[in-house]
Amino acid sequence: MSYDPNNIFARIIRGELPCHKIYETDAILAFMDIMPRANGHCLVLPKAPSRNIFDVQPEDLAEVSKAVQIIAKAARKAFDADGITVQQFNEEAGGQVVFHLHVHVIPRFRGEPLKPHTGEMADPELLARNAEAIRRALDAA
Ligand code: AMP
């Protein structure tokens with residue numbers, strides 16, 4: 001399976017499509033998931049093209065892992081979450097829908113199951129507020 005340079009996340013990385021950005025380095029980008037499975041659901045991805053776990057360069061995966069920890073701590077603080085779920089899917093059979101490697105960071109609250117994938121977009125104002133809350137938690141870290 002090859003990498004499609006016009007997948008939606010590649011276009012976000014190139015700035016061709018918008019996102020609610022949380023955090024960025026030379027190697028990674030983190031932004032809000034627009035169809036969150038829980039309040040504060042965000043995504044961390046390498047900027048370098050990689051389809052998934054099978055072709056990502058180990059250095060890029062390491063940068064993603066570092067950022068996942070940073071974002072998980074900030075999201076827990078921002079939403080006073082009881083826990084965080086980290087998920088990453090590979091190929092269609094593995095649950096992957098967008099074919100640029102990404103890791104889900106999902107705040108969790110006691111007694112609240114993950115919402116199903118409805119395909120419905122969250123209110124952009126809520127996403128903007130949530131991104132701001134995580135950015136503030138990062139600044140305070
Ligand atoms: P998966 O490939 O199964 O890990 O899922 C892709 C994820 O990307 C889903 O959680 C979608 O809600 C999310 N998503 C799809 N398009 C966008 C977008 N334009 N901005 C932010 N998140 C997106």
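Small disclaimer: the values here were computed from a predicted structure and weren't measured. Order of listing sets the numbers, starting from 1, for every ligand and every atom in it.
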For ligand 1, run through the N/O pairs with the protein that fall under 3.5 Å and put one pair on each line.
residue	atom	partner	partner atom	Å
ligand 1	2 (O)	V97	N	2.6
ligand 1	2 (O)	V98	N	2.9
ligand 1	2 (O)	H102	NE2	3.1
ligand 1	3 (O)	G95	O	2.8
ligand 1	3 (O)	V97	N	3.4
ligand 1	4 (O)	H102	NE2	2.5
ligand 1	4 (O)	H104	NE2	2.6
ligand 1	10 (O)	D33	OD1	3.4
ligand 1	10 (O)	D33	OD2	2.5
ligand 1	12 (O)	D33	OD1	2.5
ligand 1	12 (O)	D33	OD2	3.4
ligand 1	22 (N)	I34	N	3.3

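Between H102 and F89, the ring center distance fails the sub-6.0 Å criterion.
In this structure, H104 and H41 have tilted ring planes: the angle between them lies in the 30° to 60° band.
With respect to R108 and E112, no salt bridge is recorded, no charged nitrogen being found less than 4.0 Å from a carboxylate O. Using a cutoff of 4.0 Å between basic side-chain nitrogens and carboxylate oxygens, K66 and E63 are scored as salt-bridged.
Taking the ring centre of F99 as origin, the terminal cationic atom of R51 falls inside the region bounded by 6.0 Å and 45° from the ring axis.
Tested against C42, the residues V105, I106, V103 include a single side-chain contact (heavy atoms from CB on, under 4.5 Å) partner, V105.
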